Enquirer: 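Let me begin by handing over the structure; questions about it come next.
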Amino acid sequence: MRGRQQNRRRDLATAAPGSDKEDVIEIRQEQAHVSFSYEAKEVERPTPAGTRFLARQPILDCNGRVFGYELLFRTGPLNVFSGDYDYASRTMADNTILFGLEELTGGHLAFFNCTQEFLLSDLPYLLPAEFTVLEILETVEPSNELIEACRALRAEGYRFALDDFIWQPQFAPLVGLADFIKIDFLALNQEERKKLHAALPRHRATMLAEKIETEEERRQARREGYTLFQGYFFCRPQMMEMRTIPANTLHHFEMLQLLMKSPLNLDKICPLVEGDVSLAYRVLRLVNSAAYYLPREVRSIRTALVLLGDDIFRRLATLAITSELGVGSSPEIVRMALVRARFCELAAPRMGLAADEQYLLGMASLFPAMLRVPAETIAASLPLRKEIRDSLCGEANAERRLLTLAEALEQGDWKHCDEIMQASKISPEQILHNFEKAVRWSETVLPSRRPATQTRALRA
């Protein structure tokens with residue numbers, strides 16, 4: 001790995017306020033298609049479990065081409081901001097890891113609203129510098145500590161925008177670091193904007209006019225020297241609804257305790273990550289991000305954690321946990337993923353397969369159902385061997401035998417079970433024993449609220 005930036009690791013997006021009511025544009029990612037639905041009014045609807053919402057608004061250049069998108073935090077289907085700004089910044093950073101920058105901005109620059117707390121943390125380094133513009137909110141105090149943190153980020157290739165900017169002398173160091181200065185066209189009249197421009201020290205920042213709502217305002221902004229534009233005249237923020245993998249919150253407090261120790265105890269942490277499908281997915285996505293330039297495939301959770309390194313995993317796990325705390329209990333699909341993973345791991349040696357890799361395959365087999373995204377899309381985003389990715393996509397290769405057997409067990413397809421066991425020369429007793437152990441293990445990792453151990457017996 002090359003340079004400090006590659007040692008930082010990251011993967012995507014942050015938050016933004018936006019308080020006016022707008023039409024709702026909802027994006028669902030299903031069957032590899034993106035569908036849009038429009039509502040004339042803001043209507044409160046129940047939020048499905050395991051769903052996150054965000055919005056994006058395009059930033060256009062003088063020719064009307066998309067220059068980038070501002071990514072906006074939303075708590076539900078209503079296209080308005082509510083909640084805590086620092087929580088918004090953290091959750092949007094977590095969203096980038098879960099969903100990928102390409103999905104959110106199509107490869108354009110992403111503008112993320114950042115609080116002072118967020119900028120002073122290590123979390124911005126989880127975002128890819130080449131696509132990231134850190135938008136400093138107007139509420140930020142330009143302390144020496146903040147300025148030094150921004151300089152360190154700039155040294156790693158991050159760009160900055162000053163949001164709703166009003167000139168004050170103490171902001172001069174931030175102006176010197178800024179790549180973009182955003183001026184609220186509704187908040188200032190022409191004379192006030194002229195005075196602001198005159199007061200600015202010499203800088204290289206691009207001027208961005210936001211809150212543009214009419215053609216005349218766009219023309220006036222161009223006459224005043226603005227080259228980037230954002231506002232309702234061009235496009236209202238588009239709502240995006242994305243499915244997430246439910247987290248296993250039962251282990252979060254134990255995980256937080258372990259994260260406080262240095263160096264990390266992988267012998268204790270690995271089982272916790274393996275028992276939290278949501279965190280394991282984040283780990284694999286981040287390892288596979290372009291920021292890592294990894295030379296090899298990942299064949300176990302332990303390998304992924306070693307490649308990430310202690311500092312990056314601490315940031316990732318802390319971000320995931322703080323984003324998920326308060327979410328309801330995990331659905332049954334997570335339990336099924338854990339049973340598959342453990343069963344494949346236990347039975348792997350009998351088939352001459354790698355136990356750690358089979359654990360990953362069993363768990364990842366239900367990522368598509370959790371996220372409602374095609375298996376091909378999931379497979380392409382994970383750093384697995386080609387044979388394992390092919391197995392995930394349904395190819396009946398040698399690596400998929402145990403997963404196919406697990407699926408047959410779940411469905412009660414005893415004929416198919418017999419065929420697989422006979423071909424692999426393993427006994428029904430061995431398979432039943434492993435399956436029962438997997439079910440019992442899943443109950444210790446993810447306890448049920450009801451008597452749960454429902455194990456199907458294999459036909460003799």
Side-chain angles (χ1 to χ4, degrees), residues 4-18 54 59 68-73 81 83-97 101 104-105 109-184 203-206 208 210 259 286 289 291 311-312 314-323:
R4 287 177 59 204
Q5 183 174 343
Q6 292 162 339
N7 293 328
R8 297 279 191 176
R9 326 305 192 221
R10 49 237 164 186
D11 210 77
L12 297 162
T14 321
L54 56 143
I59 296 169
Y69 289 95
E70 182 172 358
L71 298 180
L72 307 163
F73 172 78
F81 174 83
D84 175 75
Y85 283 94
D86 190 52
Y87 174 77
S89 294
R90 291 171 179 270
T91 301
M92 288 296 288
D94 188 46
N95 286 342
T96 67
I97 296 168
L101 186 60
L104 298 177
T105 68
L109 284 178
F111 286 66
F112 308 107
N113 279 284
C114 301
T115 62
Q116 183 155 332
E117 294 78 8
F118 185 79
L119 289 167
L120 291 175
S121 72
D122 287 329
L123 296 179
Y125 292 104
L126 291 171
L127 307 171
E130 59 269 34
F131 298 114
T132 299
V133 179
L134 301 172
E135 197 165 315
I136 301 176
L137 294 175
E138 64 275 17
T139 56
V140 166
E141 291 293 330
S143 64
N144 291 335
E145 184 183 13
L146 178 76
I147 292 167
E148 287 305 312
C150 291
R151 284 174 178 162
L153 285 161
R154 169 162 286 288
E156 296 292 339
Y158 290 90
R159 283 168 276 197
F160 291 92
L162 302 181
D163 186 41
D164 290 343
F165 184 74
I166 299 293
W167 168 249
Q168 297 178 57
Q170 63 267 33
F171 280 91
L174 290 179
V175 172
L177 293 171
D179 298 272
F180 307 93
I181 295 179
K182 301 181 72 173
I183 305 298
D184 187 337
H203 63 89
R204 57 181 178 79
T206 299
L208 190 159
E210 57 180 343
L259 293 175
L286 192 56
S289 68
D311 289 343
I312 297 303
R314 278 194 183 91
R315 295 170 194 165
L316 175 66
T318 302
L319 180 63
I321 290 169
T322 55
S323 297

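Remember, predicted model here, so these are calculated numbers, not experimental data.
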Enquirer: About how many Å separate CD of Q116 and OG of S143, when rounded to the nearest 0.5 Å?
Expert: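 Here the interatomic distance stands at 5.0 Å.
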Enquirer: Does the side chain of T139 come within less than 4.5 Å of T115's, by heavy atoms?
Expert: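 Heavy-atom side-chain distance check fails, nothing below 4.5 Å.
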Enquirer: Main chain of A205, side chain of D179: is a donor-acceptor contact present, judged purely on distance under 3.5 Å?
Expert: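 No, the answer is negative, given that no donor and acceptor are paired below the 3.5 Å cut-off.
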Enquirer: When rounded to the nearest 0.5 angstrom, what distance separates CG in L177 from CG in L153?
Expert: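 Result: 10.0 Å between the selected atoms.
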Enquirer: Report yes if some heavy atom in the side chain of L286 is under 4.5 Å from a heavy atom in the side chain of I312; otherwise report no.
Expert: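 Contact flag for L286/I312 side chains = yes.
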Enquirer: side-chain contact (heavy atoms from CB on, under 4.5 Å) with D184: which residues, sequence neighbours excluded?
Expert: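 For D184, the residues satisfying side-chain contact (heavy atoms from CB on, under 4.5 Å) (neighbours in sequence not counted) are D164, L186, A187, K211.
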Enquirer: Ignoring hydrogens and geometry, is there a side-chain-to-backbone donor-acceptor pair from R151 to L146 under 3.5 Å?
Expert: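 No, because the side chain of R151 does not come within donor-acceptor range (under 3.5 Å) of the backbone of L146.
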Enquirer: List the atom of R154, the atom of R159, and the distance in Å for their closest heavy-atom pair.
Expert: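 Closest approach of R154 to R159: NH2-CA, 4.4 Å.
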Enquirer: Report yes if some heavy atom in the side chain of F73 is under 4.5 Å from a heavy atom in the side chain of T91; otherwise report no.
Expert: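 Contact flag for F73/T91 side chains = yes.
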Enquirer: Determine the minimum heavy-atom distance between E210 and D163, stating which atoms define it.
Expert: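 Closest approach of E210 to D163, heavy atoms only: OE2-OD1, 3.2 Å.
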Enquirer: Looking at side-chain heavy atoms only, is the closest gap between F118 and F112 below 4.5 Å?
Expert: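 The answer is no, as the side chains (C-beta and beyond) never meet within the 4.5 Å cut-off.
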Enquirer: Under 4.5 Å between any side-chain heavy atoms of C150 and I136, yes or no?
Expert: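 C150 reaches I136 side chain to side chain.
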Enquirer: So, taking the atom named CG in L109 and the one named CD1 in I59, what distance separates them when rounded to the nearest 0.5 Å?
Expert: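 Spacing of CG (L109) from CD1 (I59) equals 8.5 Å.
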Enquirer: Is there side-chain contact between N113 and E70, with at least one heavy-atom pair below 4.5 Å?
Expert: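 Yes - at least one pair of side-chain heavy atoms lies under 4.5 Å apart.
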Enquirer: State, with a plain yes or no, whether a side-chain heavy atom of F131 is found less than 4.5 Å away from one of T105.
Expert: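 Heavy-atom side-chain distance check fails, nothing below 4.5 Å.
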Enquirer: Where is the tightest heavy-atom contact between Y158 and Y125, given as atom of each residue plus distance?
Expert: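 Nearest heavy atoms, Y158 then Y125: OH-CA, 3.3 Å.
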Enquirer: Please round to the nearest 0.5 Å and tell me the distance separating atom CG of L316 and atom CD1 of I97.
Expert: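 It comes to 5.0 Å.
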Enquirer: Distance from L134 atom CG to L162 atom CG, nearest 0.5 Å?
Expert: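 Between L134 CG and L162 CG, I get 11.5 Å after rounding to 0.5 Å.
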Enquirer: If you look only at distance, which donor and acceptor atoms sit under 3.5 Å apart when one is on a side chain in residues 165-176 and the other is two or more places apart or in another chain?
Expert:
| unit_1 | atom_1 | unit_2 | atom_2 | d |
| --- | --- | --- | --- | --- |
| Q168 | OE1 | Q170 | NE2 | 2.9 |

Enquirer: Calculate, to the nearest 0.5 Å, the distance between atoms CG and OG belonging to L123 and S89 respectively.
Expert: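 Interatomic distance, L123 CG to S89 OG, rounded to 0.5 Å: 9.5 Å.
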Enquirer: Report the residues that fulfil side-chain hydrogen bond (donor to acceptor under 3.5 Å, both in side chains) with E145, sequence neighbours left out, ordered by chain and then residue number.
Expert: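 Applying side-chain hydrogen bond (donor to acceptor under 3.5 Å, both in side chains) to E145 gives none.
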Enquirer: Checking E117 now: which residues fulfil salt bridge (Lys or Arg N to Asp or Glu O under 4.0 Å) with it, not counting sequence neighbours?
Expert: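 For E117, no residue satisfies salt bridge (Lys or Arg N to Asp or Glu O under 4.0 Å) once neighbours in sequence are set aside.
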